[in-house]
There are 2 protein chains.
Amino acid sequence: MTSVLDIPEETMSLRVVGALRDEIVSMALKPGDVISESDIAARYGVSRQPVREAFIRLAQQGLLLIRPKRATVVKKISPEGVRQSRFIRESIEVEVVRRVAGNPGADAAAILDELIADQERASSAADSRRFHQLDELFHRTLARLAGVEYAWQLIDDHKMQLDRVRFMTLGVSSAQVAIGEHKIIAAKIANGDVAGAEAAMRAHLGRAEILLTQTINDFPDYFE
Amino acid sequence: MTSVLDIPEETMSLRVVGALRDEIVSMALKPGDVISESDIAARYGVSRQPVREAFIRLAQQGLLLIRPKRATVVKKISPEGVRQSRFIRESIEVEVVRRVAGNPGADAAAILDELIADQERASSAADSRRFHQLDELFHRTLARLAGVEYAWQLIDDHKMQLDRVRFMTLGVSSAQVAIGEHKIIAAKIANGDVAGAEAAMRAHLGRAEILLTQTINDFPDYFE
DNA sequence: TTCCTCAATCTTGTATGGTAGATGCCTGAC
DNA sequence: GTCAGGCATCTACCATACAAGATTGAGGAA
């Protein structure tokens with residue numbers, strides 16, 4: 001049995017944050033679920049205080065909704081919020097590939113090719129967890145190559161909302177498609193084709209658009 | 001004498017958040033200043049608990065740095081952070097004007113012209129506070145016209161860092177320049193000139209670039 | 001049966017005390 | 001004079017107790 005104590009963090013509060021975030025993003029705690037400081041405190045064997053502070057952090061990240069004197073609930077997913085998180089992500093990532101394609105470092109192509117090769121290996125091994133990690137790393141690396149890795153943290157914050165949706169659509173295997181799109185993006189960058197890289201990134205990010213309406217139909221209770 | 005009690009918020013904790021945020025953004029609390037839960041609690045006449053929770057919120061917003069068991073300090077401004085906040089803002093606002101220029105609503109031009117007229121009145125009256133409010137409203141309105149007002153909240157969060165810098169450069173009167181640039185943006189949008197509107201927005205946002213290095217020279221202690 | 005009232009019992013918000021870790025000064029040895 | 005060690009004192013962290021608003025359901029009146 002893993003305990004919250006196993007998570008190596010500075011403070012109890014941060015451990016609870018990590019544990020709860022995982023539970024929410026992985027949909028173990030479902031949108032609409034009501035939780036209370038006392039419950040979580042008992043579950044993790046700590047007092048209400050660190051749990052309360054964890055709630056505050058998670059509420060600021062948009063995962064919880066604290067209703068004063070009433071209760072705290074796992075926030076339902078806002079379709080509009082998802083849409084705008086995508087907008088934010090697309091805005092930034094488009095600007096990122098522009099910069100990278102316009103001024104690619106000497107080793108950019110090699111780094112990206114290596115990541116794509118890793119992804120193909122993970123895909124062959126059907127290691128979906130690692131595949132997703134590498135997918136995220138691909139985009140993060142682009143941000144790093146553009147010199148704005150900090151901006152990726154911003155996307156990362158908002159990506160949690162998107163991840164919850166993604167978690168509901170597992171089995172919709174699109175690994176091969178994603179790898180192909182990554183290859184196109186990397187190729188355009190290697191050629192210094194700014195407009196082409198931008199278009200490829202828009203196509204890559206836009207693909208998920210269709211899944212949202214489908215997911216809302218399948219799990220209407222999880223959305224606002 | 002205004003008290004923290006005057007701020008109309010649900011909880012004490014949120015009132016303290018508002019009060020401290022104002023003090024920090026207005027540079028009444030300066031980067032590097034050391035504060036403690038006890039001090040602030042005594043100053044505002046509340047217990048340490050709500051202050052502590054306020055600290056957590058402000059730390060997540062990047063205004064405070066909590067050093068466990070040591071102290072809490074007003075975070076120094078990171079030039080790199082400012083640079084990337086600008087990158088984020090430019091990424092999103094460029095995408096916004098593209099959308100608006102590509103598909104301007106019937107009344108977009110009239111709304112923007114009205115805002116610009118207000119700004120000219122504020123500028124004539126030398127009401128810099130209102131001018132700044134209107135400047136912000138102009139950009140926020142663009143986001144609303146693009147259907148992504150939510151995304152503006154994101155910019156707003158990161159804008160606090162930029163505002164601290166801006167507060168140090170008061171007196172550098174550039175109101176007329178800003179109004180002129182707003183006029184150009186509005187005109188390009190009215191003409192449906194997507195590329196022109198994008199270029200105008202980039203020029204508008206890029207203008208502040210020079211001020212940062214100057215400000216770092218003037219107030220080196222406030223930067224990392 | 002329906003609706004109103006009210007109290008038991010939830011919830012989060014606030015106050016306070018104690019704990020552990022980090023800092024810095026102060027003292028004493030060399 | 002210099003440096004090392006210890007202790008006073010600061011900090012944020014956590015636990016506990018109390019306060020107050022909100023919900024819910026039972027019970028009585030119409």
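Only heavy atoms go into these numbers, but all of them, side chains included; no hydrogens, no water, no symmetry mates. In the text below, chain A, chain B and the rest are named by the order of the sequence lines, each starting its count at 1.
Contacts between residues 50-61 of chain A and DNA chain D, defined by a heavy-atom separation under 4.0 Å, are made by A:P50.
Between the side chain of A:E37 and the backbone N or O of A:E53, no donor-acceptor pair lies under 3.5 Å. Side-chain N or O atoms of A:E23 include none that pairs as donor or acceptor with a backbone N or O of A:A28 at under 3.5 Å.
Rounded to 10°, the angle separating the first-five-pair axis and the last-five-pair axis of the helix from C:dT1-D:dA30 to C:dC30-D:dG1 equals 0°.
The side chain of A:D39 lies closest to C:dT11, out of C:dT11, D:dC13, D:dC14. Of the candidate nucleotides D:dA15, D:dA12, C:dT14, D:dA15 has the atom nearest to the side chain of A:S47. Nearest nucleotide to the side chain of B:R48, out of C:dT23, C:dG17, C:dT14: C:dG17. Of the candidate nucleotides D:dG21, D:dT23, D:dC14, D:dT23 has the atom lying nearest to any side-chain atom of A:R70.
Rounding to the nearest 0.5 angstrom, the gap separating the OG1 atom in B:T72 from the CD1 atom in B:I40 is 9.5 Å.
The aromatic rings of A:Y150 and B:H158 lie perpendicular to each other, with more than 60° between the two planes, well past the 30° mark.
Contact annotation: A:T11 side-chain N/O to D:dC13 OP1/OP2 distance is not under 4.0 Å.
Backbone-only contact: A:T72 has heavy atoms under 4.0 Å from sugar-phosphate atoms and none from a base.
Across every non-hydrogen atom of B:P31 and B:Y222, the tightest pair is CB-O, 3.6 Å. Of all the heavy atoms in A:I116 and A:I179, the pair that sits closest is CG2-CG2, 4.1 Å.
Protein atom CD1 of B:I40 is 14 Å distant from nucleotide atom C1' of D:dA12, rounded to whole Å.
Nucleotides of DNA chain C nearest to A:Q49 and A:P68 differ in position, and the one nearer the 5' end is that of A:P68.
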Query raised in the report: Please walk me through it: do B:F223 and B:L212 pass side chain to side chain contact (heavy atoms under 4.5 Å, CB included)?
Result: CA-CA 11 Å; B:F223 290 86; B:L212 180 60; 4.1 Å; yes

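Among A:H132, A:H182, A:Q133, the single residue meeting the side-chain hydrogen bond (donor to acceptor under 3.5 Å, both in side chains) criterion with A:Q119 is A:H182.
Look at B:R86 and A:E95 and you find no salt bridge, because none of the NZ, NE, NH1 or NH2 atoms lies under 4.0 Å from a carboxylate O.
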